[in-house]
Amino acid sequence: MTTPAGPYALAPDASAENPALSADEQQFNDLIAADSRIEPRDWMPEGYRKALIRQISQHAHSEIIGMQPESNWITRAPSLKRKAILMAKVQDEAGHGLYLYSAAQTLGATRDGMTDALIAGKARYSSIFNYPTPTWADMGSIGWLVDGAAICNQVPLCRASYGPYGRAMVRICKEESFHQRQGFEILLELMQGTEEQRAMAQESVNRWYWPALMMFGPPDDDSPNSAQSMAWKIKRHSNDELRQRFVGMLVPQAAVLGVTLPDPDLRWNEDTQQYDLGEIDWAEFHEVLAGRGASNAQRLQRRRDAHAEGAWVREAAAEYARKQSERSAQVAS
Ligand code: FAQ
């Protein structure tokens with residue numbers, strides 16, 4: 001990992017008085033050093049604002065695009081109960097997207113600007129949502145592995161230094177932990193079923209395991225944003241630390257499920273007190289980020305179509321708001 005750089009880079013002793021800093025900068029640094037929260041009206045360095053808009057908008061887009069792989073199964077869920085649960089989960093993801101877009105708006109980003117960037121294919125969203133969901137077991141794997149990875153990554157974000165982001169994450173994490181359990185339960189039921197159901201669950205875990213590890217981002221020595229984000233206490237742990245924590249959580253759960261994690265090199269290392277992992281295929285990760293994953297084109301097209309189909313709703317809402325404010329103005333005059 002590189003050392004934080006740039007005009008607002010923070011050293012661990014950032015709370016020390018520094019005559020070269022303006023009063024605003026000193027106050028910002030003091031708040032960060034004291035583990036306090038930065039709020040929307042507080043002064044903040046431009047780099048901090050941009051880093052937050054980047055991360056929060058990407059996160060919001062991930063939640064919105066992330067609805068698609070699961071919505072694929074709403075009409076085909078194997079029972080009414082499963083359908084109701086899946087619908088509620090997909091709705092939760094929409095809600096997460098909305099909290100996060102709102103948090104980014106407190107930093108000056110506009111909702112239209114963020115949406116335009118997404119549908120123009122200029123904005124990032126999590127690599128994981130560019131993989132297809134051909135089997136019902138994929139609903140289990142997404143819950144267990146994808147939501148599991150999301151929780152590992154997001155629980156520390158509840159302490160992110162920017163207030164609106166941290167507070168949004170608290171609520172999101174509560175819902176994600178329910179999501180993870182429902183995914184685990186789908187896989188458990190399949191693993192207790194027929195030979196064919198067990199094979200379906202294992203095949204799905206085989207496909208989702210490695211992409212789930214990629215969700216944590218590139219390795220620490222290839223993660224340009226980590227050092228500064230950690231110095232600003234947006235991120236609290238490095239990408240590799242969280243990936244390790246995730247695998248440590250998965251191993252005992254996989255044993256309960258009776259599935260095998262598809263990594264022949266996975267073994268406990270007494271010296272490091274963590275698991276040694278096999279090589280992650282970072283070439284695949286970069287291909288997906290470049291827009292060449294299995295489902296990138298389909299996901300973006302679906303988002304564009306949904307945006308176009310929703311135009312009348314936006315127009316109606318804007319017209320309603322215009323009439324309401326016209327009426328309020330008449331009453332006031
Ligand atoms: N996919 O320097 P770093 C969910 C980009 S929500 C795509 O390490 P950073 C819920 C990164 O943006 C899942 N791009 O970056 C759910 C940067 O590009 P940029 C989303 C990735 O920010 C479940 C470049 O690579 N969660 O799953 C990925 O320090 C089920 C260099 O990387 C969040 O967004 C990736 N996997 O660390 C919904 C959590 N990884 O912007 C539906 C918040 C990296 O310089 C169904 N975000 N990149 O052009 C974070 O914690 C961080 O932003 C990381 C990346 C850890 C994702």
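These numbers come from a predicted model, not from an experiment. Both ligands and their constituent atoms are indexed starting at 1 by order of listing.
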Which residue from [options] reaches closest to [atom] through any of its heavy atoms?
atom: atom 41 (O) of ligand 1; options: Q58, E63, R124, E70; result: Q58
atom: atom 34 (O) of ligand 1; options: R54, H59, Q228, E93; result: H59
atom: atom 1 (N) of ligand 1; options: A149, S127, A212; result: S127
atom: atom 32 (O) of ligand 1; options: A160, A51, G217, P218; result: P218

Is any NZ, NE, NH1 or NH2 atom of the basic residue among [X] and [Y] found under 4.0 Å from an Asp or Glu carboxylate oxygen of the other?
X: D35; Y: R236; result: yes
X: E185; Y: R82; result: yes
X: K89; Y: D147; result: yes

For [X], the ligand 1 atoms whose distance to one of its heavy atoms is below 4.0 Å:
X: S62; answer: 13 (C), 20 (C)
X: Y125; answer: 1 (N), 7 (C)
X: K89; answer: 30 (C), 46 (C)
X: S126; answer: 1 (N), 7 (C), 13 (C), 20 (C), 36 (N)
X: M214; answer: 36 (N)
X: A150; answer: 4 (C), 27 (O)
X: Q154; answer: 6 (S), 26 (N)
X: L157; answer: 43 (C)

**Request:** Among H96, H61, E63, find the residue that satisfies the side-chain hydrogen bond (donor to acceptor under 3.5 Å, both in side chains) test when tested with Y101.
**Result:**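 When side-chain hydrogen bond (donor to acceptor under 3.5 Å, both in side chains) is applied between Y101 and each of H96, H61, E63, only H61 qualifies.
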Any luck finding a side-chain donor-acceptor pair between [X] and [Y] under 3.5 Å?
X: Q301; Y: D305; result: yes
X: W144; Y: Q253; result: yes
X: D281; Y: W210; result: no
X: S204; Y: S141; result: yes

[atom]: which protein heavy atom is closest, and how many Å away?
atom: atom 9 (P) of ligand 1; answer: K235 NZ, 3.5 Å
atom: atom 51 (O) of ligand 1; answer: N153 ND2, 3.0 Å
atom: atom 57 (C) of ligand 1; answer: M215 O, 4.0 Å
atom: atom 28 (C) of ligand 1; answer: F285 CZ, 3.6 Å
atom: atom 10 (C) of ligand 1; answer: E176 OE2, 3.3 Å
atom: atom 17 (C) of ligand 1; answer: N225 ND2, 3.6 Å

**Message:** In the structure I gave you, are the side-chain heavy atoms of T106 and Y162 within less than 4.5 Å of one another anywhere?
**Reply:**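 T106 reaches Y162 side chain to side chain.
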**Asked** Do I142 and T133 pass the side chain to side chain contact (heavy atoms under 4.5 Å, CB included) test, and can you show the C-alpha distance, the side-chain angles, and the key distance before you say yes or no?
**Response** CA-CA 9 Å; I142 290 185; T133 47; 3.7 Å; yes
**Asked** From atom 54 (C) of ligand 1, is the closest protein heavy-atom distance below 4.0 Å?
**Response** no
**Asked** Same cluster for I128 and V155 if Ile/Leu/Val/Met/Phe/Trp/Tyr side chains link at under 4.5 Å?
**Response**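 No, I128 and V155 fall in different hydrophobic clusters.
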**Request:** Say whether L100 and V170 are linked into one hydrophobic cluster, either directly or through other cluster members, by side-chain heavy-atom distances under 4.5 angstrom.
**Result:** no
Any idea which part of [X] is under 4.0 Å from ligand 1, heavy-atom wise: side chain, backbone, both or neither?
X: D147; value: side chain
X: F216; value: backbone
X: H179; value: neither
X: H286; value: neither
X: S223; value: both
X: L242; value: neither
X: V288; value: neither
X: L289; value: side chain

**Prompt:** Are the aromatic rings of H59 and Y125 close, with centres under 6.0 Å apart?
**Reply:**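 Distance test on ring centres: not under 6.0 Å, no.
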**Message:** So which atom in P132 and which in A294 form the shortest heavy-atom distance, rounded to 0.1 Å?
**Reply:**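 P132 and A294 have their closest heavy atoms at CD-CB, 3.9 Å.
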**Message:** Could you measure the distance from the CZ atom of F216 to the CG atom of N239? Nearest 0.5 Å is fine.
**Reply:**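 Going from CZ on F216 over to CG on N239, the span is 9.0 Å.
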**Request:** Please confirm whether P224 comes under 4.0 Å of ligand 1, counting heavy atoms of the residue only.
**Result:**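 So P224 counts as touching ligand 1.
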**Request:** Give a yes or no on whether R41 atom CZ has more than 12 heavy-atom contacts from other residues, nucleotides or ligands under 6.0 Å away.
**Result:** no
